[in-house]
Structures are given as structure tokens and as C-alpha cells.
Amino acid sequence: MVEKSNVTDNSEVQKKANFIDLQIEEDLKAGKNNNRVHTRFPPEPNGYLHIGHAKSICLNFGIAEKFGGKTNLRFDDTNPSKEETEYVESIKDDIRWLGFDWEDRLYFTSDYFDKLFEFAIQLIKDGKAYVDDQDAETIASQKGTPTRPGTESPFRNRSVEENLDLFRRMAAGEFDEGSRVLRAKIDMASPNMHMRDPFIYRIIKAHHHRTGDKWKIYPMYDFAHGQSDYWEGITHSVCTLEFEVHRPLYDWFIDQLQESDYRPRQIEFARLNLNYTVMSKRKLLELVKDGHVKGWDDPRMPTISGLRRRGYTPESIRNFADKVGVTKVDGVIDVSLLEFSIKEHLNRTAQRVMGVLNPLKVVITNYPEGESEELDAVNNPEDESMGKRKVPFSRELFIERDDFMEDPPRKFFRLGPGREVRLRYAYYITCNDVIKDENGEITELHCTYDPATKGGNSPDGRKVKATLHWVSVKHAVQSEVRLYDRLFNDENPLGHKDVDFKEFMNPESLKVLLNCFIEPFVKDAKPLDHFQFERLGYFNVDLDSTKENIIFNRTVALRDSWAKSQKRK
RNA sequence: UGACCCAUGGUGUAAUUGGCAACACGUCUGGUUUUGGUCCAGAAGAGUUCAGGUUCGAGCCCUGAUGGGUCAACCA
């Protein structure tokens, strides 16, 4: 069975087996690979990980967990011109943050460069690989098309000795980049383009982030991946759908290598797509490089570091990965599911706090000047063990501008002239006067409070229709709040021919509010701490935050059926 | 005149392997509520791309069609 055997967060959810689980169960039933299950997560260190990688990470480590196997982390670093150590470190951080552990199984494809080289030599000796002296264009022209077979290279039938000599000289750096490649000799007429004598080694004279300048030639992905799997004892090599057509080639190389019953198997699944964003490293890099966002970890980015900074928790991302499932169907997941995942987690765990984003001053005219008091507030109504805190109250308060209307429409329950509402955990107040400046802008409200309603209940049983959040002016912490909206206005920014995806960027994806006031409880909050600002949403402390200037990110807004009903009108 | 893959409510995933199409998100309604949140109750929404076939019975098996995706980087 494939249910999680360990009962972690006592949720004991029995996960449905997906098609990969089923295939693994079959392999196990057939006694393959001595009943071992061993997966790997193989990122290329050429960018930061995104939520799509998170799905793959959860899948690979999840499989190992379900079947009592192991998962390796392997950096697929076969192209020195694109890869950097910075990326290696960020990737490791992100995986660890998600809560997965590769233990001592950290590998680099570059660890296998010597073995790969030897394997190439062997193929040459076996007459299964040859050096091609033609340039890229010529070779491409001989490749044929998907509907027309290719033609063989004039260098295809060189002698083994000549191939050996040339290949060694390629490795020695005797030739220029692009002047020669090593190719596998397979079948130029294959209906599968990848089998038409694929390149397996090319000359690149760039500094490699790990092997330095030792190598002048580097293996191609197809020549490295399966072999790395094989040498690491990987049993199930899970990758995304676009590698489906590579599988025959993967198998071909394994055929050349296999010397026992053990054999790794490639299985493909559909990559994650999210609407209103882009999910390709190249496109994300473009956003970073061109300054459309502030970096890989900009809270608007679908990167793991961006989501982390935005306030997403590892739990929420893992739950999300579970919810989207694993299939071979190319689909697009609605961001609302991602947002649901974080709201679900933070609702249970986030400290409640009151914060006013667009302040409107309220003077409690019958509250003694210069005095203040502390009121009890619940830290999390979903979790009594989180206890209570004190919130200071005084004569001058801020409330949310949206919570007052001079001419309240029909279903508006909040404050208006002559109306009485409750200030959460404090008192009932009634609005008596609306003070305006010379432009007619409302500058403050004069209200009276009912001392008998302390804590928020009226002894006479009088009801109010609304409860507002508030802060005490002299106690509140002024802070910056960054509100985020989707990065793109279009559901599928990449789905338009002839229009660059950046054309669809949302100009209002970031709104910075500098004049926000939060209750003093947040004074000592540290970067990445989560809060629910009551009635508003979930916020966390940004990495830019300092003791003097606390900065909050809005992770996600609370569901707001009032705003929704207003929008409909 | 190719190969390979895919097709179930708006979205994503299920369906005891041939037996009443279910769950989640989203949407809507009502209730509870010191958060217009949460929670609770309920509703709408697919008859499974189409056409044949096998079968007592097909979302599931077979055939064909249609639609979509991937493949012709010295990227992974």
C-alpha cells in the first residue's frame, strides 16, 4: 500500500496513489531492482527554484517516503556557461526549507565527468560514437525533419583510431568551440529525432563552477543524465513530459551500460503550470535582469524564495503540491488553490494582531485625556493554547478609512454618523461628529464610548452590526506595508503570439503604504514572522525590515464577501 | 506527409480496475460569530471530446476520428 505510514500532523490523510505510485508498485511486485526505490531531484544550477520545482521535489522525496526509499540531490551541471555556485546554494536552501533532506547524498553530474569520458571512449571503441567535423548548421541540415529522415554525416564511418585521436584532442583543447562534436552512432532515419546520431560531447572553453578549467569538452544532458542515474543506483527517474521523446535515448545509453538486473527507469509527469504567472527559469531570469522585479526572491515571483519572502510556509507549499496531484495531463492550476493552501495553514497558526493600513483618526471625546488602559485580546481563536495579549487603548485611535462612510449604503454595517459599532476587544463607540478640512476631506471622527461595554459586550444586551479593528495612536508602531497583486493581468502571459509576455505585466502588482499603524505587539517581530491583521489578511515581516522600520508584506488577503458583493454591483 | 503523449463540472484530481461519476478549489444561498475571517448546512455546475465496436452493463477495454501537447539547441 502507498499510504503514509507515519502519522505526522495527526491528519492521517490517506493519499490516493497516482500513476507513478502504481507503476512503482508494479515494479516492486515484479521484484525489480531488489525491491529498492531510489529517486533523485536533478536541478540545473542555472537559476532559482520555483513552485514547479517544489512539485517535483515533493514528488521525488514523497515517493521515497512512501516506499521506504531514498532520494538524491544531484546538480545537473553539464553546461558551465550557464551555471553558478550562487544557484547551487539557493537551491539547497530552498529544498531544506521545504523540509526535505538528502542526507549525505549530494551529487554533481560533474563528479562523473571522468567516468563519462571513459564511457565515451568505450563507445568509440565499440564503433558506436564518432567525431563529426562539420559545423552546427551543416549537421542540422542533415538531421532531416520530423517527417523526413536525415542523412548520414560524411564523418560517420571514420576509423576507431581516428575517432579516438580526435576525441582526445578535443578533450585536450586543441580545437575551437563549435568545430567538432562527438556523436552517438544510432540511426539517422529514426522517426524519433533524438535518435538521429545525437551529440554527446561538445567543446566548451568556459570555467566550470566546480571542475574549473580541467575540461574543454562537456557531455550533453542526454549523455549524462541516465548514466548518472545508473551510477547512483536510481530506480525511478522522474522527470517532466517534455523528456518523453528522450526516453528511447535514455534507454539506449542504459543498454550500453547495464551489466546486471538493475536498471533505472524514466517516468514522465506533467509540469506544474499556474495562471497569471510565468514558470520558466529563462523568463524569470529576464524579469530579474530587466528589473521588472527586485530579484529572484521578490515576493511577487513564483520562486520558492519569493513565496517564502511573501509569507508562504513550507507546509502550505507541500499541501499545495499534494492537492494538484500527479498526472500526464497538461493543465493549468488556478492560483486560488495556492492561496487557499496558505490561508488554510495560517488560519490555524498565525498570531492575530490589529493593524490599520489606511488610518482615519478617531477621538473618543468622553475618554480622559492622557490616560490609557490595556485590554485583553485573543491571539488565535482557532488555537486557545496561543493565549492572550494586552492591547493599549486611549483617547486617540486610528481606524480603517474603509470602515467609515458618511453616507452608508444599504448593507454597510460599519461606522457612520450617529452609528454605534464595536471596537474589537474594547468598547462600543458612537460617531457624533465628522471633521473635515477645507477640501471636504474627512480628517477625523469624534466619537463617544460606552464605558459599560468594556471588552466588547454590552450588559444591556444591545447589539451592534460591526466590529472594527483599531490601534491607539500613541502606542501604535508606524510601519511600511507592501501590498502585492498578481504579476500579470493575463491568465497566460506566454499564450499570445507576437506579444511579449512582459506586455501583460500588472502595473499595480506592488503597492507600498508608508503610513500604516500596527499594535505594539509586533515591535519585536523578526523577518518572516507571520501575522493575521484582523479583518485584512495575512502579513509577514519582510527581509528588508529593520528594528526602526518594520516592513510587512501582505501574503494574501482574507476572504472578503463584503468587498466581493460591492464589486459585483 | 512522421514518432510519442494527452482528453472527466470553470480549475485540478478521483472513480473499489467493466457496476449509481466523487473530492478539493472557485461560485452562490442560509446559519453561527466580538474578524463581512474561520466554522456549519445547503445549492448550482460534468453524464466523461466525437463515432463505432465488445458486453447484461463502458469514463474505464478495442477501432477510427477530432482536438491539444512534445520533438528538428554544440540548453536542461
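Values below: every heavy atom of this structure, side chains too, minus hydrogens, waters and symmetry copies. Chain letters run A, B, ... following the sequence lines, proteins first and then strands; every chain starts at 1.
Here the C1' atom of nucleotide C75(B) and the CD atom of Glu242(A) are 12 Å apart, to the nearest Å. When the P atom of C23(B) is taken as reference, atom CD of Glu344(A) falls 17 Å away, rounded to whole Å. The CZ-P distance, from Phe531(A) to U35(B), rounds to 21 Å in whole Å. For the pair Arg148(A) CZ and A3(B) P, the interatomic distance rounds to 15 Å; values are reported in whole Å. Straight-line distance from the CG atom of Asn379(A) to the P atom of U38(B): 20 Å, rounded to whole Å. As rounded to whole Å, 18 Å separates atom P of C60(B) from atom CG of Leu22(A). With rounding to whole Å, Asn492(A) atom CG is found 11 Å from G69(B) atom P. Asn273(A) has its CG atom 14 Å from the C1' atom of C6(B), to the nearest Å.
In this model, a donor atom of one side chain and an acceptor atom of the other lie less than 3.5 Å apart for His469(A) and Glu400(A). Side-chain contact annotation: Asp135(A) with Thr138(A), donor-acceptor N/O pair under 3.5 Å present. In this structure, a donor-acceptor pair under 3.5 Å is present between the side chains of Ser237(A) and Asp229(A). In the model, Gln134(A) has a side-chain atom that pairs as donor or acceptor with a side-chain atom of Gln142(A) under 3.5 Å. For the 3.5 Å distance criterion, the side chains of Arg265(A) and Gln23(A) qualify, holding a donor opposite an acceptor.
On the P atoms, C5(B) is 44 Å away from U38(B), given to the nearest whole Å. Spacing of P atoms, C25(B) relative to U33(B), comes out at 24 Å, to the nearest Å. Going from the P atom of C56(B) to that of A14(B) covers 31 Å, rounded to whole Å. With both ends at atom P, the span from G52(B) to C60(B) equals 14 Å, rounded to whole Å. A gap of 33 Å separates the C1' atoms of A43(B) and C6(B), to the nearest Å.
The shortest distance between the side-chain N/O atoms of Arg559(A) and the OP1/OP2 oxygens of U38(B) is below 4.0 Å. Using a 4.0 Å cut-off, some side-chain N or O of Thr78(A) falls inside it from OP1 or OP2 of A76(B). Side-chain N/O atoms of Ser336(A) include none lying less than 4.0 angstrom from OP1 or OP2 on C25(B). Regarding contacts with the backbone of C74(B), every side-chain N or O of Arg180(A) stays at 4.0 angstrom or more from both OP1 and OP2.
Side chain of Met220(A), nearest nucleotide from G2(B), C75(B), G69(B): C75(B).
Applying the 3.5 Å distance criterion, the base of G36(B) shares a donor-acceptor pair with the side chain of Arg414(A). Donor-acceptor pairing under 3.5 Å, judged by distance alone, is present between the side chain of Arg352(A) and the base of U35(B). In terms of polar N and O atoms assigned as donor or acceptor, the side chain of His194(A) never comes within less than 3.5 Å of the base of A3(B) in a complementary pairing. Evaluation of atom-type donor-acceptor distances gives no pair under 3.5 Å for the side chain of Glu244(A) against the base of G69(B).
Here Trp562(A) counts as stacked on G36(B): its ring centre is under 5.5 angstrom from the base ring centre and the planes meet at under 30°. Stacking is not found between Phe340(A) and the pyrimidine-like six-membered ring of the A24(B) base under the 5.5 Å centre-distance and 30° plane-angle cut-offs.
For Val131(A) against Asp133(A), the heavy-atom pair with the smallest separation is CG1-OD1, 3.7 Å.
Nucleic acid contact class of Leu558(A) (heavy atoms, under 4.0 Å, all strands): base. Looking at heavy-atom distances under 4.0 Å, Asn79(A) makes contact with sugar-phosphate atoms alone, never a base. The residue Gly178(A) sits close to a base: some heavy atom pair falls under 4.0 Å. Using a 4.0 Å heavy-atom cutoff across all strands shown, Pro381(A) reaches at least one base atom of the nucleic acid.
Closest-nucleotide positions on RNA chain B for Asn457(A) and Val332(A) were compared, and the one nearer the 5' end corresponds to Val332(A). Ranked by how close their nearest RNA chain B nucleotide is to the 5' end, Pro191(A) and Tyr201(A) are led by Pro191(A).
Checking G59(B) for Watson-Crick or G-U wobble geometry (two distances, each under 3.5 Å) identifies no partner in any strand. With a 3.5 Å ceiling on both atom-pair distances, the Watson-Crick or G-U wobble partner of C23(B) is G12(B). In this entry U66(B) has A7(B) as its Watson-Crick or G-U wobble partner, both defining distances falling under 3.5 Å. Base pairing of A76(B) is not made with any nucleotide, judged by Watson-Crick or G-U wobble geometry with both donor-acceptor distances under 3.5 Å.
Here U38(B) is in the anti range [glycosidic angle more than 90° from 0]. More than 90° away from 0 lies the glycosidic angle of G68(B), which makes this nucleotide anti.
With Tyr218(A) as reference, Phe113(A) is the one residue of Phe117(A), Tyr112(A), Tyr201(A), Phe113(A) to meet the ring pair (Phe, Tyr, Trp, His ring centres under 6.0 Å) rule.
With Ser190(A) contributing its side chain and Ile186(A) its backbone, the two residues share no donor-acceptor pair below 3.5 Å.
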